[in-house]
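Each chain gets a letter, A, B and so on, in the order the sequences are listed, and its residues count up from 1. A quick note: this is a predicted structure, and the numbers were derived from the prediction, not measured.
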Amino acid sequence: MSIPFLSYSNSKKSIIFVKNYKDMIKRTPIIDIIKNSDKLVLNEEINIKAWVRTKRGNKGIMFLAVNDGSIIHNAQIIIDVPNFDDALLRSITTGSCVSVNGILKESPAAGQSHEIHATEIELYGTADPEKYPLQKKGHSMEFLREIAHLRPRTNTFGAVYRIRHHMTFAIHKFFNDRGFFNVHTPIITGSDAEGAGAMFRVTTLDMNNLPKTEDGKVDNSKDFFGRMVNLTVSGQLEAELAAMALTQVYTFGPTFRAENSNTPRHLAEFWMIEPEVAFNDINDNMDLAEDFIKYLVQYALDNCMDDLEFLNKMYDKELIERLKAVNAEPFVRKTYTEAVEILQQSGQKFEYPVDWGYDLQSEHERYLVEKHFGKPVILTDYPKAIKAFYMKQNEDGKTVRAMDVLFPKIGEIIGGSQREDNLEKLSQWAKEQGVPEKDIWWYLDTRRFGSGPHSGFGLGFERLILFITGMSNIRDVIPFPRTPHNAEF
RNA sequence: UCCUCCUUAGCUCAGUUGGUUAGAGCACAUGACUGUUAAUCAUGGGGUCCUUGGUUCAAGUCCAAGAGGGGGAGCCA
C-alpha cells in the first residue's frame, strides 16, 4: 500500500500528477472510511474520488466535505492551504468533482472518526457556483423535480436511490430463497385483457400518413406487428401461464398506464412485482403477501439504517417507528362485508356513503387502517361486480376471492386474488365483462388443459418505496418520473 | 378529468386598504479568521413581481383567460 516514491516533493504547486503512479493508489470508497475503517491503515496514503458538498475554512486550513454516494455520510478532506495552488483551491466549489490523495488520520474534531489530509488534488470537473443549481441548503422537492438530472447528488435522493437498490435486491432474494423463478413477461403486448386502465399505443406507422382500410379506419395490419399493440399494464396473465408449469414464479418489471392520474401516488411508468403461485388459495396468498412485505421492511431496517435515519430526521419523524410497528404484529384480515359493517357502525361521517356493493373510497380505507385498526389491513371477498374477470368466484355467487392490502399513508399497496380456474365460469364472466375470447384464448387454454388452483398479487414497487422512505410524493422515489405532461430527462 | 390553493432575486419566502426607489434569510462575490461541521463575522452585486388582456390618475396587489406547480378526489399499483 505504502509506496516510497509517492512521498513526492512538498513543493507548493501540487496540481502536478503523473498518470502512471497516480493510478497505483486504488480508490477507496467513502463507505470504507466511515464503516470499515478498521480494515484501513492509519497514516497510509489513500485515494478518494468524489463530489464536493461544502468547502469551508480560512487562510491556513480548508475543510472539504465530499460524497461519492457509497454512503450518505461525507468524508472530510483536510487541506493545508499554503501547500496548494491558490487557483486550484478557488476552483473547488460545491458540486465539483475531485480526486484526492491523502493520509488517513483519526479526526481530532467531533463529527467524523477519520479524515484525509490531502497530499495531492486533481480537479476533474468544476461547477460554476453562479450556475450550479444545488446549494448547501434546503431545496423543495418541487424544485428538485425540475433538476432530476442533478438531484441524485442530494442526500435525500442518494438515500432514495440506495434504498431502491436494496429493495430490488431484497425482492429477488426473498423469492429466490423460497424457490420462486423470475419470469420476464413481455413489455409490448397485444392484449388488453386485464382492463387495468388506458394503454400506451406502440406503433411504427407514419402518424402523418396512416394506411387506411376500405372503410376509412387505420389499417393495423400494416403496422410492425401486423396488429395493434400496446405497452403492458400487467404481467399477470403471462405470469399465470408460467405458474401453471413452474409452480412458483414472479415478475418484476416496468408497467405502463396511460391514465390521466394526477396524484402523489400514481405514475404513468412504474415497476411492479407480481408473484403467481400454483396450488395457493386466497389464504396462502395473504400469508405470502404479509411475509413478503414484512421481509422487505425488515431488510430495510437491517441494511439501510443510515439512510432511514436521515429520512426520519429530515422528513418523517415517525418513519422508523412505523416500519418497526408494521412488523411487530400480524396484519388484520377482514372480508369486504365485515369492513362495510365496521364502517357503517363507526358513527363516522364520510363524504361518500358506505353501502354493500360499492367500492370502498380512500376515506373509508384510511379510516380502517389509520383509525379503527391502526395497522395494515387485508380485505378479501369483494363483490364480484367491482373486481376483475379473472378472480375466483365464491360459492355465494356474489363475491370473489380478491384481496387488497391496505397500508397507512399510502392506501392500497397490494392487489391480488385467487384466480378463477374453472373454464366455464371464467369464460362466461370474461364475456359478460366485455373481454373478447379471441384476445385471451391462450389464457383460457390454461384452464382447458391441466387447470388447477392458483393465486397471485401485484405490488407497486414505488408505493413500497414510498412507505419505506416516508417520502410523500411518488415522483420522488423513482429517478425519472413519468406523469401526464412530464417526460423530461 | 373535477375541486382547491399557489406562482415576487439562483433557492425559500414576506410584501398592510391599490400609492413614491419591491424586502428578508440562505446562496454568490470580496475581505477577515490557523480545526471547521449547513462554520462564523463584515461589505457588496443581484428583479420580465408566470404570460396575455382588462379596470384605474396609479396594479406585485383588483378582474378575466392561459401556462406551470402543490394538495384533495376519481382511476389504480
Side-chain angles (χ1 to χ4, degrees), chain A residues 53-65 73-82 90 93-95 105 107-112 115 117 127-147 154-155 194-198 233-236 253-274 289 314 350-352 359-366 386-388 404-407 410-416 457-467 472-478 483-486 488:
Chain A
R53 286 292 173 80
T54 69
K55 180 176 78 170
R56 48 180 179 262
N58 54 47
K59 228 174 356 186
I61 187 167
M62 188 175 280
F63 303 91
L64 233 49
H73 305 295
N74 298 328
Q76 173 155 274
I77 310 285
I78 310 297
I79 298 171
D80 190 25
V81 173
R90 288 160 76 89
T93 55
T94 298
K105 299 209 169 178
S107 176
Q112 60 281 315
E115 58 190 27
H117 290 245
D128 183 348
E130 292 283 358
K131 291 176 186 153
Y132 186 60
L134 286 173
Q135 302 166 5
K136 299 177 191 178
K137 280 210 172 188
H139 292 289
S140 66
M141 289 298 120
E142 292 81 10
F143 174 68
L144 291 173
R145 254 169 245 155
E146 291 169 12
I147 50 166
T154 63
N155 286 330
E194 203 193 351
V233 293
S234 165
Q236 181 199 317
T255 310
F256 307 88
R257 305 270 167 96
E259 294 290 343
N260 189 13
S261 295
N262 293 286
T263 86
R265 296 178 305 283
H266 288 86
L267 292 164
E269 176 183 292
F270 63 101
W271 291 69
M272 189 155 63
I273 300 101
E274 294 176 291
M314 301 302 285
F350 294 112
E351 194 182 334
Y352 294 87
D359 212 352
L360 298 178
Q361 304 290 313
S362 295
E363 55 173 344
H364 305 144
E365 296 180 347
R366 216 176 308 124
I386 61 172
K387 288 292 182 183
D404 281 3
V405 181
L406 309 177
F407 256 51
I410 52 172
E412 184 183 338
I413 192 170
I414 280 180
F457 60 82
L459 169 77
F461 185 59
E462 282 74 20
R463 289 201 180 162
L464 170 78
I465 304 299
L466 268 184
F467 182 74
S472 51
N473 193 313
I474 203 162
R475 296 161 200 203
D476 301 325
V477 296
I478 187 167
T483 53
H485 294 291
N486 183 13
E488 191 74 47

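As rounded to whole Å, 12 Å separates atom C1' of B:C33 from atom CZ of A:Phe63. Distance A:Phe143 CZ to B:A27 P: 15 Å, rounded to the nearest Å. Atom CD1 of A:Ile77 and atom P of B:G35 are 19 Å apart (whole Å). When the P atom of B:G70 is taken as reference, atom CG of A:Asn262 falls 9 Å away, rounded to whole Å. Taking atom CD1 of residue A:Ile474 and atom P of nucleotide B:C76, one finds them 16 Å apart after rounding to whole Å. Distance, A:Leu459 CG to B:A77 P: 11 Å, rounded to whole Å. Atom CD1 in A:Ile386 sits about 10 Å away from atom P in B:C75, given to the nearest Å. Atom CD of A:Glu412 and atom C1' of B:G74 are 14 Å apart (whole Å).
Taking the side chain of A:Ser362 as heavy atoms from C-beta on, and the options B:G74, B:C33, B:C76, the nearest nucleotide is B:G74. Out of B:C75, B:C76, B:G35, the shortest distance to the side chain of A:Ala109 is found at B:G35. When distances run from any side-chain atom of A:Gln76 to the nucleotides B:C28, B:G35, B:A73, the shortest one goes to B:G35. For A:Glu142, whose side chain is taken as the heavy atoms from C-beta onward, the closest listed nucleotide among B:C11, B:G70, B:A77 is B:G70. Minimum atom distance to the side chain of A:Arg366 is reached by B:A73, of the listed B:A77, B:A73, B:G35.
Each of A:Ile414 and A:Ser472 was matched to the nucleotide of RNA chain B holding its nearest heavy atom; the match closer to the 5' end belongs to A:Ser472.
In this structure, A:Asn473 reaches the B:G71 phosphate: one of its side-chain N or O atoms is under 4.0 Å from OP1 or OP2. The phosphate of B:A73 has OP1 or OP2 within less than 4.0 Å of a side-chain N or O from A:Arg265. OP1 or OP2 of B:A39 has not a single side-chain nitrogen or oxygen of A:Arg53 nearer than 4.0 Å. Between A:Thr263 and B:G72 there is no side-chain polar atom (N or O) within less than 4.0 angstrom of OP1 or OP2. The phosphate of B:C28 has neither OP1 nor OP2 within less than 4.0 Å of any side-chain N or O from A:Arg90. Between A:Gln135 and B:G10 there is no side-chain N or O to OP1 or OP2 distance below 4.0 Å. Taking only side-chain nitrogens and oxygens, A:Asn58 never comes nearer than 4.0 Å to OP1 or OP2 of B:U34. Contact between the side-chain N/O atoms of A:Arg56 and the OP1/OP2 oxygens of B:A39 is found at a separation under 4.0 Å. The phosphate of B:A27 has neither OP1 nor OP2 within less than 4.0 Å of any side-chain N or O from A:Lys136.
Distance check on atom P: B:C75 versus B:A39 gives 48 Å, rounded to whole Å. Taking atom C1' in both B:G60 and B:C76, the straight-line distance is 42 Å, to the nearest Å. Comparing the C1' positions of B:G74 and B:U55 gives an interatomic distance of 39 Å, to the nearest angstrom. Comparing B:U52 with B:G45, their C1' atoms are spaced 32 Å from each other, to the whole Å. Taking atom C1' on both B:A32 and B:G68, the two are 44 Å apart, rounded to the nearest angstrom. Separation of the P atoms belonging to B:G70 and B:A59 is 33 Å when rounded to the nearest angstrom. Rounded to a whole angstrom, the distance from the P atom of B:C62 to that of B:C2 is 25 Å.
Taking a pair to require two hydrogen-bonding distances under 3.5 Å in either a Watson-Crick or a G-U wobble arrangement, B:A67 pairs with B:U7. Of the nucleotides present, none pairs with B:U16 by Watson-Crick or G-U wobble criteria with both distances under 3.5 Å. Pairing for B:C28 goes to B:G44, judged as Watson-Crick or G-U wobble with the two contacts each under 3.5 Å. If you check B:C62 for Watson-Crick or wobble pairing at under 3.5 angstrom, you find it paired to B:G54.
A donor-acceptor contact under 3.5 angstrom links the side-chain atoms of A:His266 to the base of B:C76. A:Ser261 contributes a side-chain N or O that forms a donor-acceptor pair with the base of B:C75 under 3.5 Å. With hydrogens and angles ignored, no donor-acceptor pair under 3.5 angstrom links the side chain of A:Glu146 to the base of B:G68.
Side-chain atoms of A:Asn486 and A:Arg475 form no donor-acceptor pair, as typed in the model, at a separation below 3.5 Å. Side chain to side chain, A:Ser234 and A:Glu274 meet the donor-acceptor criterion of an N or O pair below 3.5 Å. Side-chain contact, A:Arg56 with A:Thr54: a donor N or O sits under 3.5 Å from an acceptor N or O.
In this structure, A:Arg53 contributes its side chain and A:Asn74 its backbone to no donor-acceptor pair below 3.5 Å. Listed for the A:His364 side chain is a donor-acceptor partner under 3.5 Å among the backbone atoms of A:Tyr352. Under the 3.5 Å distance criterion, the side-chain polar atoms of A:Glu259 are matched with a main-chain donor or acceptor of A:Ala198.
The nearest pair of heavy atoms linking A:Pro133 to A:His139 is O-CE1, 3.5 Å.
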A:Ile78 and A:Ile61: side-chain contact (heavy atoms from CB on, under 4.5 Å), yes or no, with the steps? CA-CA 7 Å; A:Ile78 310 297; A:Ile61 187 167; 3.8 Å; yes
